[in-house]
Amino acid sequence: MSRTPGKHGNLREKLDGNELDLSLSDISEVPVRELAALPKATILDLSCNKLTIIPEEFCSLIHIVRLDLSKNQLVQLPSEFGRLINLQHLDLLQNRLAVLPITFSQLKNLKWLDLKDNPLNPTLSKAAGDCLDEKQCKECAQRVLQHMQSLQLEHDKEMQHKLLLDQERKQKQEAEQRMKEEKERALRKRKKQQQKERRRRDYNALQAAQKESKKKTEQQHTDNHKAAPNPKQKRQYNVVLAEDNCLHHSFSFHEPLCAVAVCHLTELKNHTVCTRVNTVYKEH
């Protein structure tokens, strides 16, 4: 059964100077919290255990200078492994690693590296070399760092390109949004103007109708007034008519009714002739 160091003793008891040996301890989890309490343990041996992963919290142990993770079952290293900036010696012999995290390029103090017996991808395997002796392991560290720095540069360019594309896409979306908003504003303005023009037309039509109605009312009142003359006007009309009729007979007075009318209704009533006519008219 797999165990952790906490189950079989205090890690301080295993500390020898600055070396902490946890190899062959049948552990499957790295005791990060306990290791963080031992900043003097700059040399850490975790070889020959049952480790499959290294937790991200392990990357906070920046005091580690020499690390042995050989002969475990590691399939990957934590993404922030490059935070171990003081690391100089790293043994990853006989694990299940195919690639290294991109942050590996930040291990600028790394002087020694062994990646033998891992299913590395062809490019990384070529950079690592054989590492059969001390010299080759030092060269392995140098070549792998250069390889990872190249990958880091490509990664940065890719991320920069992606960022640029994202910015362009965002700017395009913002431009499209602004254009859409401008079109909507223009449409609202046009509709508002159309509504205003329609109201103005309705208002003008109403004013014209009211004016026409008033004009018709006034005209009708005038026509009614002309159609119904007052008694005085009617009398004057009769007088004029009588005068015309009688004058047609040149005051001959051969027409008795005409004479009576003229003498009775016109200003000739005071004439000597009309005086006799009126006298006769009154007697009868």
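This structure is a prediction, so every number in the text was calculated from the model and none was measured.
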Side chain to side chain contact (heavy atoms under 4.5 Å, CB included) assessment of Lys191 paired with Leu187: CA-CA 6 Å; Lys191 288 183 177 180; Leu187 180 60; 3.9 Å; yes
Would Asp21 and Ser23 count as a side chain to side chain donor-acceptor pair (under 3.5 Å) here? Give the steps. CA-CA 6 Å; Asp21 188 357; Ser23 63; 2.6 Å; yes
Begin from the C-alpha positions of Val144 and Leu124 and carry the test side chain to side chain contact (heavy atoms under 4.5 Å, CB included) through to its verdict. CA-CA 7 Å; Val144 168; Leu124 181 57; 4.3 Å; yes
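Side chain of Asp133 to backbone of Lys135: a donor-acceptor contact under 3.5 angstrom is found. Thr103 contributes a side-chain N or O that, together with a main-chain N or O of Gly82, makes up a donor-acceptor pair within less than 3.5 Å. Asp91 contributes no side-chain N or O that, together with a main-chain N or O of Ser70, makes up a donor-acceptor pair within less than 3.5 Å. The backbone N or O of Ser25 sits less than 3.5 Å from a side-chain atom of Asn49, completing a donor-acceptor pair. Here the side chain of Asp16 pairs no donor or acceptor atom with the backbone of Glu19 at under 3.5 angstrom. Judged by distance alone, the side chain of Asp117 and the main-chain N or O of Leu93 form no donor-acceptor pair under 3.5 Å.
Following chains of ILVMFWY side-chain contacts shorter than 4.5 Å, one can reach Val32 starting from Ile54, so the two form part of one hydrophobic cluster. Both Leu113 and Ile102 belong to a common hydrophobic cluster when Ile, Leu, Val, Met, Phe, Trp and Tyr are linked at side-chain heavy-atom distances under 4.5 angstrom. Criterion: ILVMFWY side-chain heavy atoms under 4.5 Å apart, direct or through other members. Under it, Val30 and Leu15 are part of a common hydrophobic cluster. Transitive grouping of hydrophobic side chains (ILVMFWY, heavy atoms separated by less than 4.5 Å) brings Leu51 and Leu11 into a common cluster.
The closest side-chain heavy-atom distance from Leu165 to Glu168 is below 4.5 Å. His89 places none of its side-chain heavy atoms less than 4.5 Å from the side chain of Val65.
More than 12 heavy-atom neighbours from other residues, nucleotides or ligands sit within 6.0 angstrom of CD on Glu174.
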Please report, to 0.1 Å, the donor-acceptor pairs under 3.5 Å made by any side chain of residues 145-158, with sequence neighbours excluded.
from   : atom 1 : to     : atom 2 : distance (Å)
Gln152 : OE1    : Ser105 : OG     : 3.2
Gln152 : NE2    : Asp156 : OD1    : 2.9

List the atom pairs, with distances to 0.1 Å, where a side-chain N or O of residues 197-211 and a protein N or O form a donor-acceptor pair under 3.5 Å, not counting sequence neighbours.
from   : atom 1 : to     : atom 2 : distance (Å)
Asn204 : ND2    : Arg200 : O      : 3.3

Please report, to 0.1 Å, the donor-acceptor pairs under 3.5 Å made by any side chain of residues 36-46, with sequence neighbours excluded.
from  : atom 1 : to    : atom 2 : distance (Å)
Thr42 : OG1    : Asn18 : ND2    : 3.1
Asp45 : OD1    : Ser47 : N      : 3.0
Asp45 : OD1    : Ser47 : OG     : 2.7

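The only member of Lys183, Gln177, Arg178 that meets side chain to side chain donor-acceptor pair (under 3.5 Å) when paired with Glu181 is Gln177.
In terms of heavy atoms, Leu77 sits closest to Leu97 at N-CD2, 4.2 Å. Gln136 and Leu132 make their closest contact through OE1-N, 2.5 Å (heavy atoms, listed as atom of the first residue, atom of the second, distance). Taking all atoms of both residues into account, the shortest heavy-atom contact from Leu67 to Leu69 is CD2-CD1, 3.7 Å. For the pair Ala128 and Leu115, the tightest heavy-atom approach, listed with the atom from each and the gap, is CB-CD1, 4.1 Å.
The stretch residues 96-154 participates, sequence neighbours left out, in these disulfide (SG to SG under 2.5 Å) pairs: Cys131-Cys137.
One distance of note links CZ of Arg66 with CG of Leu87; it measures 10.5 Å at 0.5 Å rounding. One finds the CG atom of Leu35 at 6.5 Å from the CG atom of Leu22 (value rounded to the nearest 0.5 Å). Separation of atoms CD1 (Ile85) and NE2 (His63) is listed at 12.5 Å; rounding is to 0.5 Å. Distance NZ/Lys192 to CZ/Arg185: 14.0 Å, rounded to 0.5 Å. Put simply, CG on Leu164 and CZ on Arg169 are 10.5 Å apart, with the number rounded to the nearest 0.5 Å. Rounded to the nearest 0.5 Å, atoms CZ (Phe81) and CD (Glu56) are 11.0 Å apart.
With sequence neighbours excluded, no residue satisfies side chain to side chain donor-acceptor pair (under 3.5 Å) with Glu176. Legend: residues meeting side chain to side chain donor-acceptor pair (under 3.5 Å) with Lys71, ordered by chain and number and at least two apart, are absent.
Using a 4.0 Å cut-off between a side-chain N of Lys or Arg and a carboxylate O of Asp or Glu, Asp130 and Lys116 do not qualify as a salt bridge.
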